[in-house]
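See structure below.
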There are 2 protein chains.
Amino acid sequence: MVKTQATKPDWREARRRSARDAIVVAAWTLVEREGLAALSLRDLAREAGISTPTVYAYFDSKNAIYDAMFGQAAEQFTAYMAAIPDSGNVRADLAAALRGFATFCTASTPRYQLLFQRTVPGFEPSAESYAHAVAALDIARLRLGEVGVTDPRQVDLWTAMTVGLVDQQISNDPHGDRWLSLVDDAVEMFLTHCLPTSTSTSPTRAATRERARR
Amino acid sequence: MVKTQATKPDWREARRRSARDAIVVAAWTLVEREGLAALSLRDLAREAGISTPTVYAYFDSKNAIYDAMFGQAAEQFTAYMAAIPDSGNVRADLAAALRGFATFCTASTPRYQLLFQRTVPGFEPSAESYAHAVAALDIARLRLGEVGVTDPRQVDLWTAMTVGLVDQQISNDPHGDRWLSLVDDAVEMFLTHCLPTSTSTSPTRAATRERARR
DNA sequence: GTCTATAGCTGGATAGAC
DNA sequence: GTCTATCCAGCTATAGAC
């Protein structure tokens, strides 16, 4: 009575999910070690302790695996960015957001490449997975809006600065903080440019210099 | 008498060079059409009108072809950057250099990827080819120095801004000028940040605004 | 669902006749 | 130098027994 037929599909689905997850975990382990493009189904099966055809019992194709990875990464991204607190201080919050973004990106190069660069040959994320990523990027845009930066050109300038810092950091100093350490400087430079009549709620280096000049 | 044996090796070398060049030309045609990573020796041979083994008569390996392409690209780069004139106006010259760099990069995506990103799997440019590229980048650094920006941190900020603009332009608006059109803005923002006591030789928007504030 | 075995393809690189 | 023919390695994906 308790165990009706309706409960049975639930296990199955649960087991299926955890088996899928195990494969995706193995995939991350591999791409972290060998590079995103170097993922092969043979290696993946070996890493996961199964045979190649078994992979196909859970994923229709190699791109389906990339898509699952993309979805997972996008989820992590939204969670990470949403967890950055708002203090009310314009410069501090923007700097925190940028630093958070950069930290997230540099924490895993293949994750960054999968999510933000288009380095995998024939792969396009599914609409569902992609929506996640776009939503998180819009959060960043909203944050800029709250600060008072709404001119699309200025938003473009911001994104350029952002990806520039992250890109240089990842490709020229993967394990250091040479460009990461410039985040405060960059934010100050950007806001001084975009908001000449400063509206920040606490003193900053720029505001201090401004005052000293009068 | 006139035709000594010494002249014979000259033709040979000349013919050999032009044959090599023809192969490299075919390679550029292909990567421009199919992407840098998609270059295969079969396709290359077909495009060049020869057979696959013949390619090996001129290049030891596939990477040797990439290296020849890299060398050519580096040469084009130095020539292009050296041709940008100096006017003596700090902001204008820096903007011209940045615009030139961005224009050069966006003119050919695979060339940009080969020169500045490390997207080809096992390929490292030979020391000789690489020296060319580094020399050109140092010219840009010198230009910054002349302007009065010598703090390494500020140089890093400049390079981040530069690659950010180019990267966004290439990956999000390949045939437009959405980020290219921000060059003047970016230069103004950067110089205002780095040289608070402006030393530019002609009025700029920033200087004008500065004056208006007093 | 899981395996062994293998198909089918594409890649770089080589042998050997001419 | 140039070709035809081929080797060998790697890949994704499938067939079919259990």
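First the proteins, then the strands, lettered A, B, ... as listed; each starts at 1.
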Expressed in angstrom and rounded to an integer, what is the separation of [X] atom [atom1] from [N] atom [atom2]?
X	N	atom1	atom2	result
B:Arg17	D:dG1	CZ	C1'	19 Å
B:Trp11	D:dG1	CH2	P	13 Å
A:Leu41	D:dC11	CG	C1'	8 Å
B:Arg20	D:dG1	CZ	P	11 Å
A:Tyr56	C:dC3	OH	P	15 Å
A:Arg46	C:dC3	CZ	P	14 Å
A:Leu44	D:dG10	CG	P	17 Å
A:Asn63	D:dC11	CG	C1'	14 Å

> Is any N or O donor-acceptor pair between the side chain of B:Arg42 and the base of C:dG12 shorter than 3.5 Å?
Replying inline: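 Between C:dG12 and B:Arg42, which were checked side chain against base, a qualifying N/O pair under 3.5 Å is present.
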> Are the charged groups of A:Arg46 and A:Asp43 less than 4.0 angstrom apart, N to O?
Replying inline: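 So A:Arg46 pairs with A:Asp43 through a salt bridge.
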>> If the threshold is 4.0 Å, N to carboxylate O, is there a salt bridge linking B:Glu47 and B:Arg33?
In response: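 Yes.
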If you look at every strand shown and take non-hydrogen atoms under 4.0 Å, does [X] touch a base, only sugar-phosphate, or nothing?
X	value
A:Arg15	nothing
A:Leu39	sugar-phosphate
B:Tyr58	sugar-phosphate

> Hey, is the main chain of A:Ala160 close enough, under 3.5 Å, to the side chain of B:Gln168 for a donor-acceptor pair?
Replying inline: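 Not a single qualifying donor-acceptor pair exists.
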>> With a cut-off of less than 4.0 Å, is there a side-chain N or O of A:Ser51 near OP1 or OP2 of C:dC3?
In response: yes
> Is A:Thr54 near enough to C:dC3 that one of its side-chain N or O atoms lies under 4.0 angstrom from OP1 or OP2?
Replying inline: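 Looking at the OP1 and OP2 atoms of C:dC3, one of them is under 4.0 Å from a side-chain N or O of A:Thr54.
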> Relative to the ring of A:Phe77, is the ring of A:Phe104 parallel (under 30°), tilted (30 to 60°) or perpendicular (over 60°)?
Replying inline: tilted
> Parallel, tilted or perpendicular: which fits the ring planes of B:Phe116 and B:Phe101, with parallel below 30° and perpendicular above 60°?
Replying inline: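 If you compare the ring of B:Phe116 with that of B:Phe101, the planes turn out perpendicular.
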Of the listed nucleotides [options], the one nearest the side chain of [X]:
X	options	value
A:Pro53	D:dT4, C:dT4, D:dA13	C:dT4
B:Lys62	D:dC3, D:dA15, C:dA13	C:dA13
A:Arg16	D:dG1, C:dT2, C:dG1	C:dG1
A:Ser40	D:dT12, C:dA5, C:dG11	D:dT12
B:Ile50	C:dA13, D:dT12, D:dC3	D:dC3

